[in-house]
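Letters go in sequence order (proteins before strands), and every chain restarts at 1. From a predicted model like this one, the values you see are computed outputs, not experimental measurements.
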There are 2 protein chains.
Amino acid sequence: MSQATHPRDGSLEEAPPCRNTKRRLLDAAERLFAERGFEGTSLRALTQAAGTSISAAHYHFGSKEELLRATLERRVAPMNASRLERLDAAERAAAGAPLSVETLVGAYLDPLFEERATHRGSLSDVRFVAARLYSDPPELVSALKRELFGEVSRRFLDALARALPECSRDELGLRFQFGVGCMVHVMSGQIEDAPHAQGRDPLPDDVVHHALVRFLSAGLRAPAGDPR
Amino acid sequence: MSQATHPRDGSLEEAPPCRNTKRRLLDAAERLFAERGFEGTSLRALTQAAGTSISAAHYHFGSKEELLRATLERRVAPMNASRLERLDAAERAAAGAPLSVETLVGAYLDPLFEERATHRGSLSDVRFVAARLYSDPPELVSALKRELFGEVSRRFLDALARALPECSRDELGLRFQFGVGCMVHVMSGQIEDAPHAQGRDPLPDDVVHHALVRFLSAGLRAPAGDPR
DNA sequence: GTCTATATGTTGATAGAC
DNA sequence: GTCTATCAACATATAGAC
């Protein structure tokens with residue numbers, strides 16, 4: 001009987017066993033976590049969608065929670081890097097002068113809508129992923145949120161404070177968060193699911209994008225209220 | 001042997017076996033669904049928190065999904081009724097003249113913040129419940145959303161269209177949704193969880209409330225963009 | 001690195017006593 | 001109306017062959 005079942009030699013051709021399982025897992029996780037949430041997605045369904053097995057997921061990520069973390073991180077980190085690049089570039093160009101509110105809103109929003117345009121129709125959509133940071137269990141995502149968004153929030157808030165010097169820091173912090181809320185709402189597909197949008201053709205992305213920029217810029221610039 | 005086990009007579013005193021189990025179930029569901037989501041909350045944990053049993057929940061509501069529905073409906077329906085009352089009152093007072101954007105934003109937001117003030121510290125908080133409409137599985141909540149918010153959305157959009165006649169209907173629909181997004185974000189406690197708010201005292205409710213009214217009013221009134 | 005098989009616990013729902 | 005006991009299905013995670 002042939003006693004040789006192990007690979008004959010540690011040769012170069014050693015079949016690519018890993019193929020791209022890790023990437024496929026991340027792709028499936030992105031889609032399913034986005035659609036049905038973390039708790040709503042079983043590792044079984046996820047690994048089946050990725051064409052692999054539960055144990056492969058554990059081999060690559062260790063646990064379901066770590067898979068979520070990796071999924072969010074893969075998309076959010078480059079997006080935030082891009083936001084900071086744009087902010088840096090705009091500040092260099094302005095040579096010390098305060099930036100306009102529109103410039104800041106654009107630097108924050110554009111990377112999101114560009115990623116969407118790039119991956120149109122594909123499985124990967126950062127927007128839904130990012131939105132999940134705001135509905136998945138806080139004990140899982142709030143540390144990650146601080147870690148991934150800490151610097152971006154700080155830098156943009158500082159720049160906003162220079163653009164709107166008459167606005168108090170507290171008020172500015174609130175307005176920034178209001179803006180994030182709008183964004184998340186759009187990202188998570190609520191526009192299409194709105195009661196009065198049922199059965200109508202969804203508006204093109206760039207229409208939504210520009211409407212959002214106008215809305216946020218105007219909101220951020222709102223006149224200060226009397227302290228009463 | 002005494003053959004009588006059934007109640008002797010259909011008397012008036014028949015012990016109150018139901019007590020208020022149904023209400024306690026709704027209270028627990030409200031708190032737990034809000035904190036950990038629908039999929040993240042087990043019926044076991046929920047009924048235990050309510051001081052009753054799983055079978056009681058099935059007796060009163062039939063299924064976990066129906067319990068969610070009842071939970072959302074109990075708070076959202078009266079809140080939306082209150083919104084419509086305010087809108088009606090304002091329209092009567094205006095005697096045909098268009099309402100101001102601030103009036104409309106107030107009529108929409110005030111009932112939410114008032115409910116919050118009323119139940120401060122209690123288990124029941126509409127705000128989180130309503131926010132769940134936007135993160136729980138769409139197949140569960142989107143019909144309910146249409147049902148509960150259909151008329152309110154329509155009425156407020158119509159009133160907004162009269163307040164902002166120069167704004168296209170599509171743009172107005174988008175801005176309305178942007179506003180809902182801000183609101184949901186605030187309701188779901190994201191303000192306190194924001195990266196730059198960590199470790200700081202949370203701002204008082206009425207500060208947030210008035211900042212939100214200013215932000216939304218300004219956003220809704222944003223100048224129209226060029227169609228490009 | 002990937003699989004099958006399994007361990008161990010939890011889920012929503014139901015049956016039936018009282 | 002409410003309980004205890006139980007169900008079948010499903011969850012995440014692990015062990016070990018290859």
Side-chain angles (χ1 to χ4, degrees), chain A residues 1-29 32-33 36-71 136-137 139-140, chain B residues 1-8 10-26 28-29 32-33 36-71 136-137 139-140:
Chain A
M1 298 85 179
S2 67
Q3 74 280 35
T5 50
H6 57 74
R8 205 107 47 123
D9 52 345
S11 65
L12 306 156
E13 110 255 318
E14 49 182 337
C18 172
R19 286 192 294 181
N20 39 17
T21 303
K22 197 165 177 177
R23 195 184 56 72
R24 291 206 321 279
L25 278 169
L26 286 171
D27 289 345
L32 291 175
F33 285 156
R36 325 206 294 228
F38 178 75
E39 330 251 20
T41 304
S42 76
L43 220 38
R44 285 179 136 71
L46 196 158
T47 51
Q48 193 171 344
T52 179
S53 66
I54 297 191
S55 22
H58 276 96
Y59 173 81
H60 285 290
F61 298 99
S63 75
K64 190 188 178 187
E65 302 200 355
E66 278 305 308
L67 174 55
L68 173 64
R69 184 189 178 82
T71 303
D136 277 329
E139 64 274 18
L140 281 182
Chain B
M1 301 85 179
S2 68
Q3 73 281 37
T5 49
H6 57 75
R8 205 106 46 119
S11 67
L12 307 155
E13 109 254 319
E14 49 183 337
C18 171
R19 286 193 295 184
N20 40 17
T21 303
K22 197 165 176 177
R23 195 184 55 73
R24 291 206 320 278
L25 278 169
L26 286 171
L32 291 175
F33 286 157
R36 325 206 295 227
F38 179 74
E39 329 252 20
T41 304
S42 76
L43 219 37
R44 287 181 135 74
L46 196 159
T47 52
Q48 193 171 343
T52 180
S53 66
I54 297 191
S55 22
H58 277 97
Y59 173 81
H60 285 289
F61 298 98
S63 74
K64 190 187 178 188
E65 301 198 356
E66 277 305 306
L67 174 54
L68 173 63
R69 184 190 177 82
T71 304
D136 277 329
E139 64 275 16
L140 281 181

Report which part of the nucleic acid B/Thr47 touches: base, sugar-phosphate, or nothing (heavy-atom distance under 4.0 Å, all strands).
nothing
NA contact type, A/Ser55, heavy-atom cut-off 4.0 Å: base, sugar-phosphate, or nothing?
base
Closest approach of B/Arg36 to B/Ala45 (non-hydrogen atoms, all atoms of both residues):
NH2-CB, 3.9 Å
How far does [atom1] of [X] sit from [atom2] of [Y], to the nearest 0.5 angstrom?
X: A/Glu39; Y: B/Phe38; atom1: CD; atom2: CZ; value: 12.0 Å
X: A/Arg69; Y: A/Thr71; atom1: CZ; atom2: OG1; value: 11.5 Å
X: B/Leu46; Y: B/Arg24; atom1: CG; atom2: CZ; value: 12.0 Å

Given [options], the nucleotide with the shortest approach to the side chain of [X]:
X: A/Ser53; options: D/dT4, C/dC3, D/dT12; answer: C/dC3
X: B/Lys64; options: D/dT4, C/dG12, D/dA11; answer: C/dG12
X: B/Leu43; options: D/dG1, D/dA11, C/dG12; answer: C/dG12

Using whole Å, what does the distance between atom [atom2] of nucleotide [N] and atom [atom1] of [X] come to?
X: A/Ile54; N: D/dG16; atom1: CD1; atom2: P; value: 18 Å
X: A/Leu25; N: C/dG1; atom1: CG; atom2: P; value: 13 Å
X: B/Leu46; N: C/dT10; atom1: CG; atom2: P; value: 17 Å
X: B/Glu39; N: C/dT10; atom1: CD; atom2: P; value: 19 Å
X: B/Phe61; N: D/dG1; atom1: CZ; atom2: C1'; value: 13 Å
X: B/Tyr59; N: D/dC3; atom1: OH; atom2: P; value: 13 Å
X: B/Leu140; N: C/dG12; atom1: CG; atom2: C1'; value: 14 Å
X: A/Arg44; N: C/dC3; atom1: CZ; atom2: P; value: 14 Å

Looking only at atom types and distance, does a side-chain atom of B/Thr41 sit under 3.5 Å from a main-chain N or O of B/Leu32, one as donor and one as acceptor?
yes
Does a nitrogen or oxygen in the side chain of A/Thr52 sit under 4.0 Å from OP1 or OP2 of C/dT2?
no
B/His58 side-chain N/O to D/dT2 phosphate OP1/OP2 under 4.0 Å:
no
